[in-house]
Student: 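What follows is a single structure, and I will ask about it in a moment.
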Amino acid sequence: RTLHRVATGVAIFGPERRLSFFNEAYRKIFQLDADWLASNPSDGEILDRLRELSRLPQVVNYRDWKVKVLAANRNGSDFEDWWHLLDGRTIHVMAEQRPDGGVTYLYDDVTEKLALESRYNALIDAQRETLDSLKEGVAVFAPDGRLQLFNSSLLKIWRLARPMLAEGPHIQAIIKQCTGLFDDGKTWTEIDRAVTGISERRGPIDGQMVRPDSSVI
């Protein structure tokens, strides 16, 4: 009953590699006939049926692909793959060996998730382009104090390495790099607290940094 309520498709095969259980999500993902599934087809027969219905990834050599998929599940190792179906959906496939010698397959339709990630990445890219057009240095931090976004002006002002910032370092690591140009512990402590302090206690700060190189930030 529990497995029939989850959105992940579940298909369980016994030691003889015949279907012994499937949930409703599995049937819906691949739009298969429930009565046919109830006849306990083998894993190979199901792949053949899905191919007939054009519900498998498009591959150059189906026979070799099928052998590879079935072999991965019959040699005692776990299996993971991403199936890009002809109808535009993407299915994340995982398989685990069962103690009785059978295999449990899990199928997740991640089409919408990938689309959301794509739109999110496009938004982030647009934000980066906007930030890079500014002469002011900008650094955006997550609540845990790690850098999320930065622009080219920040690199130039503080002579920071892009690969280092691209790793999303904690603000304290960035401050450590910047103290070579401006070694004022009190100022940096205020900035650190403004970023990492408890939300209710955060407040805006402003001021000037007059560096030894005559730059005023």
Student: Please tell me if the side chains of Leu50 and Leu32 come closer than 4.5 Å, counting only heavy atoms from C-beta onward.
Tutor: yes

Student: Does the side chain of Thr90 come within less than 4.5 Å of Trp83's, by heavy atoms?
Tutor: no

Student: Under the criterion side-chain contact (heavy atoms from CB on, under 4.5 Å), I'd like the reasoning laid out for Leu3 against Phe21: C-alpha separation, chi angles, the key distance, then a yes or no.
Tutor: CA-CA 10 Å; Leu3 292 179; Phe21 173 84; 3.6 Å; yes

Student: Less than 4.5 Å apart, side chain to side chain, heavy atoms only: is that true for Leu85 and Ile91?
Tutor: yes

Student: Are Phe30 and Trp36 connected into the same hydrophobic cluster when the rule is that any two of I, L, V, M, F, W, Y join if their side-chain heavy atoms are below 4.5 Å apart?
Tutor: yes

Student: Whether Arg18 and Glu45 form a salt bridge (side-chain N of Lys/Arg under 4.0 Å from carboxylate O of Asp/Glu) is what I want to check.
Tutor: yes

Student: Would you confirm whether Asp192, through its side chain, and Trp188, through its main-chain N or O, come within 3.5 Å as a donor-acceptor pair?
Tutor: no

Student: Can you pull the salt bridge (Lys or Arg N to Asp or Glu O under 4.0 Å) pairs that have at least one residue in residues 143-164, sequence neighbours excluded?
Tutor: Arg159-Asp213

Student: Where do Ile174 and Phe141 land on the side-chain contact (heavy atoms from CB on, under 4.5 Å) test, with the steps shown first?
Tutor: CA-CA 11 Å; Ile174 298 174; Phe141 293 90; 3.8 Å; yes

Student: Could you check whether any side-chain N or O of Thr104 sits under 3.5 Å from a backbone N or O of Glu96, counting only pairs where one atom can act as donor and the other as acceptor?
Tutor: no

Student: Quick one, Glu52 and Arg49 - any side-chain contact, counting heavy atoms below 4.5 Å?
Tutor: yes

Student: Salt bridge between Asp48 and Arg51, side-chain N to carboxylate O under 4.0 Å?
Tutor: no

Student: Should the pair Tyr105 and Tyr107 be assigned to parallel (<30°), tilted (30 to 60°) or perpendicular (>60°) ring geometry?
Tutor: parallel

Student: Is there a path of hydrophobic side-chain contacts, each under 4.5 Å between heavy atoms of I/L/V/M/F/W/Y residues, joining Ile175 to Val140?
Tutor: no

Student: Output yes when Asp184 and Lys186 qualify as a salt bridge under the 4.0 Å nitrogen-oxygen rule, no when they do not.
Tutor: no

Student: Any side-chain heavy-atom pair from Gln31 and Leu53 closer than 4.5 angstrom?
Tutor: no

Student: Under 4.0 Å between a side-chain nitrogen and a carboxylate oxygen: does that hold for Arg27 and Glu24?
Tutor: yes

Student: Is there a continuous path of hydrophobic side-chain contacts, each under 4.5 Å between heavy atoms, that joins Leu149 to Leu147?
Tutor: no

Student: Please determine, by modelled atom types, if Gln58 and His84 share a side-chain donor-acceptor pair under 3.5 angstrom.
Tutor: no

Student: Is there a path of hydrophobic side-chain contacts, each under 4.5 Å between heavy atoms of I, L, V, M, F, W or Y residues, that connects Phe150 with Phe182?
Tutor: yes

Student: Hey, are the side chains of Asp87 and Ser54 touching, using non-hydrogen atoms and a 4.5 Å cut-off?
Tutor: no

Student: Under the 3.5 angstrom rule, does the side chain of Arg17 hit a backbone N or O of Ser42 as a donor-acceptor pair?
Tutor: no

Student: I'd like to know if the side chain of Ser153 reaches the main chain of Lys135, judged simply by a donor and an acceptor atom lying under 3.5 Å from each other, with no hydrogens or angles considered.
Tutor: yes

Student: Does the ring of Trp158 carry Arg211 above it, NZ/CZ under 6.0 angstrom from centre and within 45° of its axis?
Tutor: yes

Student: Using modelled atom types only, decide if a donor and an acceptor are shared between the side chain of Ser118 and the backbone of Leu114 within a distance under 3.5 Å.
Tutor: no

Student: Answer yes or no: is there a side-chain heavy-atom contact under 4.5 Å between Asp108 and Ile29?
Tutor: no

Student: Would you call Leu19 and Ile46 a side-chain contact if the rule is heavy atoms closer than 4.5 Å?
Tutor: yes

Student: Using the rule given for side-chain contact (heavy atoms from CB on, under 4.5 Å), can you reason through Val103 versus Arg98, listing the C-alpha separation, both sets of side-chain angles and the distance that settles it, and then say yes or no?
Tutor: CA-CA 5 Å; Val103 179; Arg98 295 172 53 82; 5.6 Å; no

Student: Taking the side chain from Asn151 and the backbone from Gly137, do they hold a donor-acceptor pair closer than 3.5 Å?
Tutor: no

Student: Which value, rounded to the nearest 0.5 Å, describes the distance between Trp65 atom CH2 and Leu56 atom CG?
Tutor: 4.5 Å

Student: Does Asn23 use its side chain to pair, donor to acceptor, with the backbone of His4 at less than 3.5 Å?
Tutor: no

Student: Answer yes if Val138 and Leu165 sit in the same cluster of Ile, Leu, Val, Met, Phe, Trp and Tyr residues linked by side chain heavy atoms under 4.5 Å apart, and no otherwise.
Tutor: no

